[in-house]
Protein chains: 2
Amino acid sequence: MNKGVTRDRIVTAALDLLDEKGMDGVTVRALATRLDVRPSALYWHVRNKRELLDEMGTAVMRRVGSALSELPPGDDWRDDLAAFASVLRAEFLRHRDGARIFSGTRIADPEVVRVKEFWFVRWTACGVGLSDADDAVDLVTAFVVGFVIEEQEHRQSAETDPARYSLAERDAWLGGDAPLVKRAGHLHDHGDQRFERHLDIVLDGLAARLKV
Amino acid sequence: MNKGVTRDRIVTAALDLLDEKGMDGVTVRALATRLDVRPSALYWHVRNKRELLDEMGTAVMRRVGSALSELPPGDDWRDDLAAFASVLRAEFLRHRDGARIFSGTRIADPEVVRVKEFWFVRWTACGVGLSDADDAVDLVTAFVVGFVIEEQEHRQSAETDPARYSLAERDAWLGGDAPLVKRAGHLHDHGDQRFERHLDIVLDGLAARLKV
DNA sequence: ACCTGAACACCGTTCAAGT
DNA sequence: ACCTGAACACCGTTCAAGT
C-alpha cells in the first residue's frame with residue numbers, strides 16, 4: 001500500500017518531519033524511513049536534497065498564493081498588501097523556522113505570480129506606478145520575513161530555554177548602565193498586535209509614495 | 001607556533017571558512033584542519049557547534065556595535081536609524097548568507113546595547129516615546145534582515161546559476177498571462193540605491209509615529 | 001591545561017543489480 | 001518504471017589516554 005512514493009508525498013513527509021524534529025531532523029534517511037523505503041529510492045524522485053528543500057519552499061508559497069486567491073479582493077492596495085502580509089506570516093508560522101528556511105525560496109511560483117498580476121492591474125488603474133507597486137510588494141515581503149524570523153527565534157528559544165528571554169534574567173544581565181533599554185524591554189509586546197502595528201507603519205510609509 | 005588555539009582564533013577561522021566555502025563548509029573537522037589540530041581538540045574550547053555558531057553571530061554583531069560607536073552621532077533619530085541600517089547591511093554583506101545565518105543571533109551584545117541606550121536617551125529627550133523608539137529599532141532591523149536575505153540570495157544564485165535570474169529566461173517562464181509582472185521585472189533595480197529608497201519608505205512610516 | 005587517538009552513531013549520494 | 005544493497009566519503013561528539 002506504500003507503492004506510490006510520489007514527489008508530493010515526499011514533500012509532505014518532509015514538512016511533517018520539519019515540524020516534528022526541526023531542520024536538523026529533515027534528513028534523507030529519516031525521510032526514507034518515514035516513507036517505508038530505502039534512502040536511495042528517493043533519488044529516483046528527487047535530484048538531491050537541495051531540490052527537495054526548494055520543493056518544500058514552493059509548496060509553502062503555493063499555499064500563500066491559493067489562500068490569497070480565496071480571499072475577497074480588498075478595496076485598495078493597502079487592503080491587498082495587509083492581507084498578503086498576514087497570510088505570508090501565517091504560512092511561515094505553520095512551520096518550525098519557517099521564515100528563515102523558506103524566505104529564500106523563489107516567490108515566483110505560478111500561483112503567486114497570478115495574484116501579483118491581478119494586484120498590479122487594479123493598483124495601476126488607480127494611478128499607482130508599476131515600479132512603486134513592485135517596490136511595495138517586495139518591501140512588505142522583506143518586512144514580514146524579518147519580523148517572523150525574530151518572532152520564531154523568540155518563541156522557539158522560549159520553549160527550549162525559558163530563562164533566555166525572561167525579563168528578570170535580562171535585567172540582571174543588562175546591569176545598571178542601560179536603564180532605558182531595560183525599561184523598553186518591559187514595554188515590549190509580542191504576537192498579532194505587534195505585527196499589525198509594525199505593518200501599519202510600513203504601509204504608512206508606502207502610502208506617501210503610492211498616493212497619486 | 002600554532003600553540004594557542006583560542007576561542008577567538010576558532011571564530012575567526014570559522015568566519016573565513018564560511019566566506020570561502022559557504023555554510024555547508026563550516027564543519028568542525030574542516031575547522032580543525034585549518035587550525036592544524038585534531039577535531040576533538042576544539043571541544044576543549046567550545047561546548048558544541050551550536051555554541052560556535054552563536055559565537056560567530058556575536059562577533060558580527062560586535063562589529064556592528066563598534067562601527068556605530070565610531071560614527072559621529074546623527075542630528076536626530078532618523079539619521080541614527082539610517083546609519084544603523086547601513087552598517088547592519090554592510091556587516092551582513094561581508095559574509096556569505098550573512099543575513100540568513102546571523103539574523104537570529106541575540107542582538108543583545110554589550111556593544112550594541114550601549115549604542116541603543118545612547119539613542120534612547122537622545123530620542124526621548126526630543127519627545128519620542130520609549131516604546132516607539134524600541135519599535136523603531138526592531139522594525140528597521142526586521143526590514144534590513146528581510147532585504148539583505150533577498151539581496152544575498154539573488155547575488156549568490158546569480159554567480160552559481162546565471163540563467164536563474166536572467167530577464168529573458170524569466171520572461172519566457174512567465175508566459176503571456178502576466179504582462180505587468182513581466183514589465184515590473186524590467187523596472188526592478190538592485191543594490192545601494194534600492195536599499196536607500198526602501199529604507200526611506202520605512203523611515204517615512206516611522207516619522208508619522210515618532211514626531212511629537 | 002591542552003591535545004591526540006580511537007571509536008560511535010550518524011550523514012548525502014552513487015550505482016549496479018533486482019523486479 | 002521503480003526500488004534495493006552495498007559502498008564511499010563524509011559528519012558531530014565523547015572520552016580515555018597522553019604531555
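Proteins come first, then strands; the chains are lettered A, B, ... in the order of their sequence lines, and each starts at number 1.
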Handout entry: DNA chain D base-pair string [pairs: Watson-Crick or G-U under 3.5 Å; |: paired with another strand]
Key = ||.|||||...|||||.||

What protein N or O atoms touch nucleotides 4-10 of chain D N or O atoms at under 3.5 angstrom, if any, and at what distances?
from, atom 1, to, atom 2, distance (Å)
dT4(D), OP2, Arg38(A), N, 2.8
dG5(D), O6, Ser40(A), OG, 2.7

Problem - Carboxylate-amine/guanidinium proximity below 4.0 Å for Lys182(A) and Asp171(A) - result: no

Handout entry: Beyond-backbone contact of Leu18(A) with Ile101(A), side-chain heavy atoms, under 4.5 angstrom
Key = yes

Exercise for the section: Before accepting this row, confirm whether a basic side-chain N of the pair Arg34(A)/Glu20(A) lies closer than 4.0 Å to the acidic partner's carboxylate O. Expected result: yes

Handout entry: Basic-acidic side-chain contact under 4.0 Å: Glu51(A), Arg7(A)
Key = yes

Exercise for the section: Step through the shown structure and confirm whether more than 12 heavy atoms of other residues, nucleotides or ligands are within 6.0 Å of CG on Asp177(B). Expected result: no

Practice task
Please determine if Asp54(B) and Arg47(B) form a salt bridge, counting it only when a charged side-chain N lies under 4.0 Å from a carboxylate O.
Solution key: no

Handout entry: Residues touching DNA chain D, which here means a heavy atom under 4.0 Å, drawn from residues 43-56 of chain B
Key = Tyr43(B), Asn48(B), Lys49(B)

Fill in the blank from the handout: Here the distance between atom C1' of dC11(D) and atom CE of Met23(A), to the nearest Å, is 16 Å

Exercise for the section: Working to the nearest 0.5 Å, report the span between CG of Asp200(A) and CZ of Arg209(B). Expected result: 5.5 Å

Handout entry: Charged N-O contact under 4.0 Å between Arg94(A) and Asp19(A)
Key = no

Problem - Under-4.0 Å salt bridge between Glu151(B) and Arg194(B) - result: no

Problem - Cation-aromatic face contact Arg89(A)/Phe147(A), 6.0 Å, 45 degrees - result: no

Practice task
Quickly work out the Leu31(A) CG to dG12(C) P distance and round it to whole Å.
Solution key: 9 Å

